[in-house]
Amino acid sequence: MNSDIGWSGLGISAALVAIALGISAWQHLGVERTLLWSSLRAAVQLVLVGVALHFVLAAHRSIGWSWLWLAAMVGFASLTVWLRARDVPGLLPLALFAFTVSLAVTLGVLLGLQVFPTDARTLVPLSGLIVGNSLAATVLVGRRVYEELRDKRGEVEARLALGQSARDAAQPYVRSAIRSALIPQIETTKAVGIIFLPGAMTGLILAGVDPLNAVRVQIAVMYVVLASVATTTSIVGLGVARRLFTSDHRVVRLTRKAE
Amino acid sequence: MDVEPRFEFESVRVDGRNAGSPRLDDLSLRVPKHGITVVVGPSGAGKSTLLRVCNRLDVPDSGVVRLDGQDTATLDVLALRRRVGMVFQQPTPFPGTVRENLAVAQPGLSDDEAAEILARCLLDRAFLDRPATELSGGEQQRVCLARTLATRPEVLLMDEPTSALDQPSTFGLERLARRLSGEGIPILWVSHDLAQMARIADLVVVLMHGRVAQVAEPALLVGTAPPDVRAFLASDAESDGSGEHEQ
């Protein structure tokens, strides 16, 4: 199968956006502009990324460019996390740390044990999967820990007043936040293959790879995502909680942001 | 008052959110080793803050708080908080059964020990299996008291503990406090209710603007009160007495 759909193929597929636009107009959903804007934006962003990847992944290019790509991705992802939850104190450095550790652990296993070869073609997409899939969960856990400890301050102080350490007093709330962030990923992992075919595998099959090979890669990718989500959410959850207490086990003052 | 106090505050200052309006302002006070000391005062006088510096949920910006002669700043804070139990204005049951609530305070507590503590708070053993968050307000507050007693505190801080309760529950908790103080646990009780003060106090401390305005036995309070305290006592005192959490 020829996996190159060409620019004309892309243009034809864009006609599918017209179906969504038509439904929106027919049902008076009022999202036509947003639909059009997001479709165009996605296309432009991906084409730009494609051009950049074309440069980074060129055969003679130094792998240093891939590492640079990875560093930039961590920076942008951390910035995105911070922008989505600005009232959570210290989230930017925490997200930077969490993504770095998560990449170090998962890439360390996959590349260190030579599951995948260490080259630009594995490094860049794998890092994208790891960071991209952890992003939403990282935002969720940061916000949730902050809001729980702010809204349940009375309960937390009652725990402290019983002589619990800050860490013990925060634990039920941190645990519940990490659990909520992990559950969607666990559910997705359970449903894979039955309810939907995941992106990496679909892409590989469309590109002409043997389905069994594609499945093996997909399973490895799912495990990577699970590990990276668990790592980033734990680091961010525990880190945010830590910043909300003083060293002598008091709750720092938390203000409710005006909505 | 005892020669050796349980708590001693020496020139304690706790700054407020706004500069120039401290929550406690150069406050000095000696809290006796026995009985119930009731702290009253208008909203924003620093009553809750006074309690919170006793177990270091708040820390003074200057001055010293001593427990049995020892500067609390030099004590291990977690050990201090187990010696100085606190019951809050709003009941704070944790999710889970009453047994699990008590276990937060004292892991490994046996059912017999737990039942004994509940009995001190006039709750029977059957409460152990009940979800703490589904109890009535009065029962929740007694569970919170029981939870605090599970740490075997030497002193109790009660921060307007009846403000969320109905009258029968309020009287029940007051009787309980009297019994505990009779067992030798001194209580520092913040109240916005002057009738309650008259019912339970062995000693009254009136706070105004973060300072001690008067310390007296209830019977002598009005007769010896300075004019501003007399005005406060004469007022209904808490038209605004929603039991603020002064911070």
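Shown here is R167(A), whose CZ atom has no more than 12 heavy atoms of other residues, nucleotides or ligands within 6.0 Å. Crowding of Q27(A) atom CD: a count of heavy atoms from other residues, nucleotides or ligands under 6.0 Å exceeding 12. For CD of E116(B), the number of neighbouring non-hydrogen atoms (other residues, nucleotides, ligands) closer than 6.0 Å is 12 at most. Around CZ of R242(A), the count of heavy atoms belonging to other residues, nucleotides or ligands within 6.0 Å does not exceed 12. The number of heavy-atom neighbours closer than 6.0 Å to CZ of F97(A), taken from other residues, nucleotides and ligands shown, is 12 or below.
Atom NE2 of H249(A) sits about 7.5 Å away from atom CG of D76(B), to the nearest 0.5 Å.
Among N55(B), T92(B), L157(B), T151(B), the residue making the largest number of heavy-atom pairs under 4.5 Å with chain A is T92(B). Comparing Q106(B), R56(B), M86(B) by heavy-atom pairs within less than 4.5 Å of chain A, the highest count is held by R56(B). Counting heavy-atom pairs under 4.5 Å between each of L162(A), V251(A), D168(A) and chain B puts L162(A) at the top. No other option in L80(B), V104(B), T148(B) has as many heavy-atom pairs under 4.5 Å with chain A as V104(B).
Among all heavy-atom pairs drawn from A158(A) and F88(B), the shortest one is CA-CE1, 3.6 Å.
Formation of a donor-acceptor pair under 3.5 Å by the R81(B) side chain with backbone atoms of Q164(A) is not found in this model.
Residues P95(B) and E155(A) form a side-chain contact, since some pair of their non-hydrogen atoms from C-beta on lies under 4.5 Å apart.
Residue P91(B): no heavy atom, backbone or side chain, is found under 4.5 Å from chain A.
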